Amino acid sequence: MPISSTYSKTITIPDSVIDENGHVNNVAYVQWMQDIAVEHYTAIGGIAPTQLIGATWVARTHMIEYFLPAFAGEEIEIRTWIENVRRVRSLRRYEFVRKSDGRIIVKGETDWVFIDVKTGGPRAIPEEVIDVFSKTTEP
């Protein structure tokens with residue numbers, strides 16, 4: 001069960017992310033995952049408490065599952081939410097949905113690790129940061 005509400009935004013696929021196969025390059029999805037994760041965390045007020053304690057998030061792993069190709073000019077909705085929070089890690093999930101037919105074209109997830117900026121090592125996620133995830137926002 002997700003611990004955060006879903007955050008979403010719609011984009012129009014630009015020509016710049018189309019690869020030699022004529023569809024969205026897989027690297028673009030990773031970039032969009034990163035972008036919406038930061039956008040969501042900022043929107044719920046996560047940046048200030050994280051910086052205040054001298055911490056940050058880094059990606060440990062990304063997993064992407066491709067179902068359908070997407071093409072330049074198509075509108076897609078990117079959705080994200082926090083699935084769970086563990087001692088030093090948090091799992092964030094993503095869905096990419098084609099607006100014209102409502103079909104899921106890609107699903108993904110990122111395992112994020114909470115680290116101390118000075119040491120570079122993992123640190124326990126404090127309650128004030130965990131509490132941020134329960135906030136809701138509209139993009």
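Keep in mind that what you see is a predicted model, and the values were worked out from it rather than measured.
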Is there a path of hydrophobic side-chain contacts, each under 4.5 Å between heavy atoms of I/L/V/M/F/W/Y residues, joining Ile44 to Val38?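 Different hydrophobic clusters.
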Hphob cluster co-occupancy, Met63 + Trp81, side-chain heavy atoms under 4.5 angstrom: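 Shared cluster, no.
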Going by heavy atoms in the side chains, are [X] and [Y] under 4.5 Å from each other?
| X | Y | answer |
| --- | --- | --- |
| Phe67 | Ile105 | no |
| Asn26 | Ile64 | no |
| Leu91 | Glu109 | yes |
| Asn84 | Arg86 | yes |
| Tyr94 | Ile36 | yes |
| Glu128 | Val132 | no |
| Thr10 | Lys99 | yes |

Parallel, tilted or perpendicular for Tyr41 and Phe133, by the 30°/60° rule?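 Tilted.
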Which word best sums up how the rings of Trp112 and His62 line up, parallel for under 30°, tilted for 30 to 60°, or perpendicular for over 60°?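 Perpendicular.
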[atom1]/[X] to [atom2]/[Y] distance, rounded to the nearest 0.5 angstrom?
| X | Y | atom1 | atom2 | result |
| --- | --- | --- | --- | --- |
| Thr12 | Glu75 | OG1 | CD | 4.5 Å |
| Ile82 | Ile130 | CD1 | CD1 | 11.5 Å |
| Arg123 | Ile115 | CZ | CD1 | 10.5 Å |
| Ile78 | Phe96 | CD1 | CZ | 5.0 Å |
| Tyr7 | Thr42 | OH | OG1 | 8.5 Å |

Where [X] and [Y] come nearest, the two heavy atoms and their spacing:
| X | Y | result |
| --- | --- | --- |
| Ile125 | Val88 | CD1-C, 3.7 Å |
| Ile18 | Val24 | CD1-N, 3.8 Å |
| Gly22 | Phe71 | O-CD2, 3.2 Å |
| Val85 | Ser90 | CG2-OG, 3.9 Å |
| Pro126 | Ile53 | CG-CD1, 3.5 Å |
| Phe114 | Ala55 | CZ-CB, 3.4 Å |

Please check if any side-chain donor atom of [X] sits under 3.5 Å from a side-chain acceptor atom of [Y], or the reverse.
| X | Y | value |
| --- | --- | --- |
| Thr80 | Arg93 | no |
| Trp32 | Gln34 | no |
| Ser8 | Glu77 | yes |

Dump the intermediate steps for side chain to side chain contact (heavy atoms under 4.5 Å, CB included) on Trp57 and Val129, then the final yes or no. CA-CA 11 Å; Trp57 292 96; Val129 172; 4.1 Å; yes
If we ignore hydrogens and angles and just use 3.5 Å, is the side chain of Asp116 paired with the main-chain N or O of Lys118 as donor and acceptor?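 Yes, Asp116 side chain to Lys118 backbone: donor-acceptor pair under 3.5 Å.
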Donor-acceptor pair, distance only, cut-off 3.5 Å: does the side chain of Arg92 make one with the backbone of Gly108?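 Checked: no pair found.
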Assess the residue pair Glu95 and Val106 against the criterion (side chain to side chain contact (heavy atoms under 4.5 Å, CB included)); give the C-alpha distance rounded to whole Å, side-chain angles, the decisive distance to 0.1 Å, and a yes or no. CA-CA 6 Å; Glu95 288 180 342; Val106 171; over 6 Å; no
For this output row, return yes or no: ring centroids of Tyr66 and Tyr29 closer than 6.0 angstrom.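 Ring centres of Tyr29 and Tyr66 closer than 6.0 Å.
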Determine, stepwise, if the pair Thr110 / Thr61 fulfils side chain to side chain contact (heavy atoms under 4.5 Å, CB included). CA-CA 6 Å; Thr110 302; Thr61 60; over 6 Å; no
